[in-house]
Amino acid sequence: MLAGSYNPSLVALSVLVAMLASFTALDMASRVSAWRHRGAAGGWLLAGAVAMGTGIWSMHFVGMLALRLPIPLGYALWPTLESLLVAIATSLFALWLVSRPAPAQARLALGALLMGLGIAWMHYAGMAALRMRPAIDYAPSWVALSIVIAVGASWAALFIALRMRSRARPLAQRLAAAAVMGLGIVGMHYTGMAAAQFAAGSVCTAATGGGIGAEWLAAGVLLAVAMMAVVLVISLFEQRLQARLLRRRNTTLSASLDGARKELFHASRHDPLTGLPNRQLSHERIEQLLQQCRATGLGCAVMTLDLDEFRHINSAFGPQAGDAVMVDVAEQLRRQLPDGGLVGRLGGDQYVIALPLADDAAAAPLAERILMAVNTVRVDERDMRVTASLGLALYPAQGATAPQLLAHAETATRHAKQAGRNRHARFAAWMSADAEQDRRLLEDLRQALAAAQLSLHFQPRVHGDSGLVTGAEALLRWRHPVHGPVPSARIIRLAEQHGLIDVIGRWVLDEACRQMRCWHDAGHPGWQVSVNLSGLQLGSPCLVEEVRRVLQRHELAPSRLVLEVSENAVTRDADAAIAVLRAVAALGVGISIDDFGTGFSSLLQLRRLPATEIKIDRAFVMALEDSDEDVVVVSAIVALGHALDMEVVAKGIETPGQRTYAERLGCDHLQGYQLGRPVGPESFMRLYASGGL
């Protein structure tokens with residue numbers, strides 16, 4: 001037998017090539033797996049198969065070149081190419097299998113068997129390229145062992161590749177795995193070489209018959225290794241480029257997420273329409289402001305502001321105009337406050353204002369300025385009349401925390417609305433709606449009747465054509481000796497709930513007729529006085545007799561008295577109310593339907609009422625300058641009233657434009673702040689004794 005030996009340097013080189021091929025295989029496996037979901041895995045699969053296959057093939061032929069026999073060696077071209085193609089095909093199968101989802105153990109074993117057989121095929125096809133004569137004699141046990149090693153190495157390679165598909169594995173782990181795979185492949189090769197026995201006198205016909213010489217094979221191996229190295233370098237470069245792009249993308253994404261978080265945080269604490277702090281942030285800012293005031297010894301005012309009849313703006317002009325009003329009101333409020341003050345939106349048409357004060361007396365003038373500032377807003381380049389009600393609470397007198405002050409300010413705002421709107425009210429303890437406060441206020445109201453604390457204010461009404469004063473509406477007022485003015489709506493509510501409405505109603509009727517008698521004696525016999533009737537008074541069997549007696553007592557002509565009732569008051573018990581009103585009208589007293597257009601009465605019921613006039617609700621009058629629909633509504637009400645032989649009164653006149661519209665539409669009488677606010681009888685005579693405005 002021919003005795004062979006191995007070149008230690010080439011053996012070591014074969015081991016390095018095997019490890020390089022294994023490292024390339026692992027890298028290609030992770031590359032193919034990473035790109036499998038992006039539609040680009042095919043190119044990396046083919047490139048990886050070529051690199052891995054040529055690597056294994058190169059390792060095999062480096063090992064062949066390491067073999068030293070005492071005869072010249074060469075390699076036939078086609079078996080050599082066959083071994084290369086088998087190596088590439090085996091690598092292609094291995095990479096494809098690794099790129100699939102993790103296979104079951106049975107499929108993994110089958111894949112290892114096929115891959116091991118392919119590597120064994122590559123090895124023995126490469127050995128056949130020697131074309132030995134006589135043929136190489138193989139020891140069956142060593143051949144079987146080499147195949148077992150090939151299958152085992154393939155199983156280890158597939159198992160490791162499946163576990164190492166993540167490119168995030170540390171480099172040390174990947175190098176160790178490549179070493180294990182490479183040693184397995186080398187072990188299979190040299191076991192297969194050990195199985196080969198060359199008979200004495202053997203001749204390598206490939207060396208004598210025009211085969212590939214060792215020099216050319218070495219060049220091919222070098223080229224294959226270089227190709228594998230190039231593919232690996234490209235892969236590693238692309239990996240670094242992807243990592244850089246990923247870091248850049250992550251940085252951009254992180255910045256975007258950070259910006260989005262800031263925007264979401266800002267949106268969660270600010271009103272999206274006006275940009276003002278919302279209720280939550282307003283609470284926090286007020287608490288911070290209170291801490292500053294405690295430290296500096298200053299007071300603090302917390303105000304809430306509600307727009308009056310804001311729903312009417314939305315219905316008349318649309319939600320876009322309503323939004324524009326909200327934004328402009330927010331801007332007006334910002335302009336009124338000094339630095340360090342807070343303007344926030346609590347929701348809907350409600351705002352909050354808070355600022356430190358050196359003196360509590362400065363709160364009322366500021367509230368007046370705020371109301372005047374929001375009276376006119378700009379919507380689509382035109383001025384729109386807007387009124388608001390404002391309530392204020394002062395620190396520390398009326399609360400020490402943001403929730404307390406806000407609750408008290410909102411309570412005061414409700415009372416400002418009840419008192420007639422477009423005004424401000426300062427919180428007082430009696431405004432709280434609990435039963436104990438109502439009980440105390442009720443006791444004070446009973447004492448007020450005996451102590452002459454109640455009074456009447458009179459708001460003028462003028463003739464629509466001549467502008468002359470035609471009379472006044474009597475409005476109940478109560479100035480509490482401790483709490484100041486109490487809204488008339490609260491007085492009426494308490495009186496109706498506790499059986500005082502008849503007593504208060506008789507006093508109002510008597511006082512109004514007495515005052516009208518005085519004005520008649522002063523030279524104004526044509527004036528009328530209007531007195532509001534509660535719905536409960538309409539159910540009193542004594543009402544007609546009380547009206548007759550008060551007219552007789554003050555020697556007042558029945559036509560000089562007008563009793564005002566709301567539509568809803570009549571509808572509570574329509575038949576009884578209509579019977580009472582007809583009896584009163586039979587005396588010659590005028591009957592006025594107040595707030596016409598907002599109640600629930602039908603035209604048939606209106607025809608049954610003995611009314612002599614109807615008063616158009618201020619909600620319709622408010623939008624006359626801006627809403628064609630409201631102009632049509634008011635015109636229709638005027639036409640209806642005149643058709644039923646009734647006079648028509650437009651209430652809530654607050655601007656010259658509204659007055660002009662009401663006059664042009666044919667309203668008989670006008671009433672509102674633009675014509676005169678409610679005042680005491682002495683002021684009324686002093687201002688309107690001339691009979692004109």
*Asks:* Are Lys651 and Asp617 close enough for a salt bridge, meaning some N to O gap below 4.0 Å?
*Replies:* no

*Asks:* Under 4.0 Å between a side-chain nitrogen and a carboxylate oxygen: does that hold for Glu546 and Arg549?
*Replies:* no

*Asks:* For the side chain of Tyr395 and the backbone of Leu298, is there at least one donor-acceptor N/O pair under 3.5 Å apart?
*Replies:* no

*Asks:* Calculate, to the nearest 0.5 Å, the distance between atoms CD1 and OG belonging to Ile593 and Ser566 respectively.
*Replies:* 8.5 Å

*Asks:* Can Arg514 and Glu511 be counted as an ion pair, charged N to O under 4.0 angstrom?
*Replies:* yes

*Asks:* Taking all atoms of both residues into account, what is the closest heavy-atom pair of Leu289 and Pro356, and its distance?
*Replies:* CD1-CD, 3.8 Å

*Asks:* Determine whether a donor-acceptor pair (N or O, by modelled atom type, separation under 3.5 Å) exists between the side chain of Gln537 and the backbone of Ser534.
*Replies:* yes

*Asks:* How long is the span from the CD1 atom in Ile353 to the CG atom in Leu342, to the nearest 0.5 Å?
*Replies:* 8.5 Å

*Asks:* Less than 6.0 angstrom separating the ring centers of Trp527 and Phe684, yes or no?
*Replies:* yes

*Asks:* Would you call Glu647 and Arg461 a salt bridge, taking side-chain N to carboxylate O under 4.0 Å as the test?
*Replies:* no

*Asks:* Would you call Arg414-Asp306 a salt bridge at under 4.0 Å N-O?
*Replies:* no

*Asks:* Does the side chain of Gln674 pick up a donor-acceptor pair with the side chain of Thr655 at under 3.5 Å?
*Replies:* no

*Asks:* Do Arg659 and Glu654 sit within salt-bridge range, that is, some charged N less than 4.0 Å from a carboxylate O?
*Replies:* no

*Asks:* Give a yes or no on whether the backbone of Ala407 and the side-chain of Thr411 come within a donor-acceptor separation of less than 3.5 Å.
*Replies:* yes

*Asks:* For the residue pair Leu456 and Pro681, what are the closest heavy atoms and their distance?
*Replies:* O-CD, 3.8 Å

*Asks:* For Gln320, does the CD atom sit with more than 12 other heavy atoms under 6.0 Å from it, leaving out its own atoms?
*Replies:* no

*Asks:* More than 12 heavy atoms of other residues, nucleotides or ligands under 6.0 Å from CZ of Arg479: is that the case?
*Replies:* no

*Asks:* Test Val589 against every option in Val547, Leu581, Thr612 by the side chain to side chain contact (heavy atoms under 4.5 Å, CB included) rule and name the one that passes.
*Replies:* Val547

*Asks:* Would you say Gln404 and Gln398 are linked by a side-chain donor-acceptor pair, where the criterion is simply a distance under 3.5 Å?
*Replies:* no

*Asks:* I'd like to know whether CZ of Arg294 has more than 12 heavy-atom contacts from other residues, nucleotides or ligands below 6.0 angstrom.
*Replies:* yes

*Asks:* I need the minimum non-hydrogen distance between Ile504 and Ala495, along with the two atoms involved.
*Replies:* CD1-CB, 3.7 Å

*Asks:* Without hydrogens or angle criteria, can the side chains of Gln453 and His480 be said to hold a donor-acceptor pair below 3.5 Å?
*Replies:* no

*Asks:* Just by modelled atom types, is the Leu281 backbone N or O under 3.5 Å from a matching donor or acceptor in the Asn278 side chain?
*Replies:* yes

*Asks:* Stepwise, does the salt bridge (charged side-chain N to carboxylate O under 4.0 Å, His left out) test hold for Arg446 with Glu443?
*Replies:* CA-CA 5 Å; Arg446 289 192 173 101; Glu443 293 177 358; over 6 Å; no

*Asks:* Measuring only between side-chain heavy atoms, which start at C-beta, is Phe458 closer than 4.5 Å to Ser530?
*Replies:* no

*Asks:* Of all the heavy-atom pairs spanning Ser592 and Val562, show the shortest one and how long it is.
*Replies:* CB-CG1, 3.7 Å

*Asks:* What I want to check is whether the side chains of Thr413 and Ser389 have a donor and an acceptor closer together than 3.5 Å.
*Replies:* no

*Asks:* Classify the side-chain pair Gln671/Glu473 by whether it contains a donor and acceptor separated by less than 3.5 Å.
*Replies:* yes

